[in-house]
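In what follows, a structure is listed as structure tokens, so that the remarks can point back to it.
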Amino acid sequence: MSILVIAEHDNAALKPATLHTITAASEIGGDITVLVAGTGCDAVAQAAAAVNGVSKVLVADNAAYEHQMPENLAELIAEVGKDSSHILAPATTSGKNLMPRVAALLGVAQISDITAVKGADTFVRPIYAGNALATVQSSDSVKVITVRATAFDEAAKEGGSGTVEAIDIVKSQDIATFVSEELTQSERPELTGAKIVISGGRGMQNGENFAMLEKVADKLGAAIGASRAAVDAGFVPNDMQVGQTGKIVAPELYIAVGISGAIQHLAGMKDSKVIVAINKDEEAPIFQVADYGLVADLFQAVPELADKL
Amino acid sequence: MKILVAVKRVVDAYVKIRVKSDGSGVDLANAKMAVNPFCEIAIEEAIRLKEKGVADEVIAVSIGEKSCQEQIRTALALGADRGIHVDAAADVQPLAVARVLQKLIEKEGIDLVLLGKQSIDSDNNQVGQMLGALTGMPQGTFACKLEVADGKAMVTREIDGGEQTVSLTLPAVVTTDLRLNEPRYASLPNIMKAKKKTIDTVTPDELGVDVSSGLKVVSVEAPPARSAGIKVESIDELISKLKTEAKVI
Ligand SMILES: Cc1cc2nc3c(=O)[nH]c(=O)nc-3n(C[C@H](O)[C@H](O)[C@H](O)COP(=O)(O)OP(=O)(O)OC[C@H]3O[C@@H](n4cnc5c(N)ncnc54)[C@H](O)[C@@H]3O)c2cc1C
């Protein structure tokens, strides 16, 4: 079997999500090739070649791939991967944007967000906001898959000795053009990779109050997340949303503050190792999944927590 | 300009679903059904474009059993002009859905396709991107802002690190994220009016689409249950439990 893994990167660094995806590829078993498409992305290619388990890295370095526009990239991936047994990418917004387009170009199904590998053609994926787990089997010649990072460990960044090979395939069109990007700047650990996450919900009342969570996060080295209600109300930016349609996290410790625990929110965090809930309503559904629940007014409890840590 | 909106019939977002004990699927008998929330946002966006005079016609399509005509009626009550029901089994897979939509686009001459980014039952998040590939159209997925003018769609997309804006030449496919708009409710007079609007029915066969899929569901199980833990009385107790019992801080 030959597995093509699509590297996620910003032309400068390889994103950790790719390392989790490589572990899923190793579980399938076979020869692992990583495709790095971008511009000036040599450091990314070198990093990918060093990852344990990677045998080859293909680099498509061209201005057409700078912003990972799916109209170009999907054509490239479909051409490079058409004889592979599997094509894998992380189930990030980038992977989700790309892989269905690749699958349709190849005329095969796409398998979204797998959480387990049961065999070379059989995978587990959550449906209904994680309230059910479907085991699916593919008879397609190429299996096009996105991988839920939290379900697979990171592959070791070292130990591999993959060869790096440039490929000269340019897919460029003008029906879609990149205009701009506004990326949230943060000194904190990335939400999906953090060991500790503290999230605020509608109970926070406004964006300024998130400063209380920051104090706790500073002490714990935690990332900060939010519920949809907090994002919709404009307290915090969209990239902080945890849930069915936001980010999936599974840290060692998840602290939910002023979050009721709707199924769509639980979908994004219920695989956390330890869950703490702080909520003034003792009936809040979040307590049904919390290992430690504190029924309290968050405006007293959170500053006290920050002080005493 | 003509807009095609697809609407999926799904279980209501707030229903707690149950997995069948024989592992064959999810028990939806008697469950409340609704328009997929992301499709609702797509309908709303289409109607706003019509109200602004950017679009002339909004066509709502649903693929599934006869019951999905209910969801088409909802779209009509919200302001879509006419409906198309593609009569098929309830669980047509994303690639087949995209192939059906491709045929309808060719037939109707569509300039903009608005779809939900995912349906809350199968959580696939695939159809829009697949449709882009099949038709060669550009795609603007996970849209939180859309402006259509001069043959272009300016789409701001919610991405993992923040937001990204792309410019697409029409015809194009746009999939909606939660924050694109807040869908309206249908008024009673509009619900009455919707009853008179037409819904045409076609089959995938008539469109020349094979709806079979290379993917089969082997079994469906309930996820491991998480049991409720304990209530702590104070922050001191919480910190001590996290340190000595859970050992996570
Ligand atoms: C299609 C769809 C997708 C969705 N996707 C997501 C998603 O990805 N992520 C997500 O989070 N949601 C999602 N939702 C929304 C979800 O259904 C809930 O509406 C949302 O999670 C509620 O957020 P919340 O818990 O912050 O707000 P609420 O449900 O309003 O809860 C606020 C909580 O704060 C508590 N509180 C208030 N004041 C205080 C105080 N002073 N001290 C302590 N506690 C206090 C209250 O007791 C309450 O429990 C989705 C919904 C739909 C329909």
Side-chain angles (χ1 to χ4, degrees), chain A residues 70-71 74 92-93 96-97 100-101 103-105 108-112 122 126-140 175-184 220 228 232 237-239 245 252-253 263 270 274 276 287-295 301 304-305 308-309, chain B residues 13 16-17 19 26 93-95 98 118 120-126 129-130 132-134 137-139 141-142 144 154 158-169 177-179 213-223 226 228-232 235-236 238-239 241-242 246 248-249:
Chain A
E71 294 78 4
T92 52
T93 49
K96 289 175 185 171
N97 193 31
R101 197 163 176 121
L105 288 175
V108 298
Q110 197 244 289
I111 310 169
S112 294
T122 309
I127 53 176
Y128 290 91
N131 288 303
L133 298 174
T135 300
V136 295
Q137 190 174 23
S138 165
S139 57
D140 286 325
I175 49 173
T177 49
F178 171 86
V179 177
S180 64
E181 211 158 60
E182 257 181 72
L183 302 181
T184 311
L220 294 173
R228 173 187 172 186
D232 282 4
N238 68 276
D239 53 286
T245 52
E252 299 277 299
L253 173 61
I263 47 176
K270 71 178 157 66
V274 175
V276 169
F287 288 124
Q288 291 163 21
V289 298
D291 299 283
Y292 303 107
L294 177 66
V295 181
E304 187 184 340
L305 177 63
K308 290 186 169 163
L309 276 171
Chain B
K16 179 120 183 55
I17 57 103
V19 173
V26 165
Q93 295 297 300
L95 184 58
Q118 78 190 67
I120 59 161
D121 48 3
S122 49
D123 280 335
N124 276 314
N125 194 334
Q126 297 177 2
Q129 298 88 314
M130 287 181 155
L134 299 178
M137 287 195 260
Q139 67 187 51
T141 53
F142 327 145
C144 60
M154 213 35 144
E158 291 198 0
I159 58 171
D160 284 338
E163 287 181 358
Q164 180 191 65
T165 302
V166 292
S167 167
L168 313 177
T169 303
D177 216 318
L178 293 170
R179 280 166 285 275
S213 167
L215 202 61
K216 107 173 172 237
V217 176
V218 180
S219 66
V220 176
E221 282 156 67
R226 227 192 141 100
I230 58 159
K231 290 259 168 62
V232 292
I235 288 289
D236 290 319
L238 175 63
I239 293 175
K241 292 278 185 203
L242 291 178
V248 284
I249 58 172

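Protein chains get the first letters and strands the later ones, always in sequence-line order, with residue 1 at the start of each.
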**Minimum heavy-atom distance K270(A)-P223(B), with the two atoms named** = NZ-CG, 4.1 Å

**Complete:** Smallest heavy-atom separation, D123(B) atom then G130(A) atom, equals OD2-N, 4.5 Å

Identify which of [options] forms the greatest number of heavy-atom pairs closer than 4.5 Å to chain A.
options: V232(B), L242(B), L238(B); answer: V232(B)
options: P94(B), G229(B), P138(B), A228(B); answer: P138(B)
options: V26(B), I17(B), D160(B); answer: D160(B)
options: N125(B), L134(B), T165(B), T169(B); answer: T165(B)
options: A222(B), S213(B), S122(B); answer: S122(B)

Less than 4.5 Å apart, side chain to side chain, heavy atoms only: is that true for [X] and [Y]?
X: E181(A); Y: I159(B); result: yes
X: Y292(A); Y: I230(B); result: yes
X: K96(A); Y: T141(B); result: no
X: Q110(A); Y: L95(B); result: no
X: P70(A); Y: Q139(B); result: yes
X: D236(B); Y: K308(A); result: yes
X: L294(A); Y: I235(B); result: yes

Looking at [options], which one has more heavy-atom pairs under 4.5 Å with chain B than the rest?
options: T184(A), N97(A), I127(A); answer: N97(A)
options: G293(A), A134(A), A301(A), A290(A); answer: G293(A)
options: D232(A), N131(A), L183(A), N238(A); answer: N238(A)

How many angstroms lie between [atom1] in [X] and [atom2] in [Y], if you round to the nearest 0.5 Å?
X: R101(A); Y: M137(B); atom1: CZ; atom2: CE; value: 9.0 Å
X: E182(A); Y: E163(B); atom1: CD; atom2: CD; value: 6.5 Å
X: T245(A); Y: D177(B); atom1: OG1; atom2: CG; value: 6.5 Å

**Asked** Do Q126(B) and S112(A) get their side chains close enough for a donor-acceptor pair, meaning under 3.5 Å?
**Response** yes

**Request:** Only counting residues at least two apart or in another chain, list the ones meeting salt bridge (charged side-chain N to carboxylate O under 4.0 Å, His left out) with D239(A).
**Result:** none

**Asked** Is the count of non-hydrogen atoms from other residues, nucleotides or ligands lying under 6.0 Å from K216(B) atom NZ greater than 12?
**Response** no

**side chain to side chain donor-acceptor pair (under 3.5 Å) involving K241(B) - partner list, sequence neighbours excluded** = E245(B)

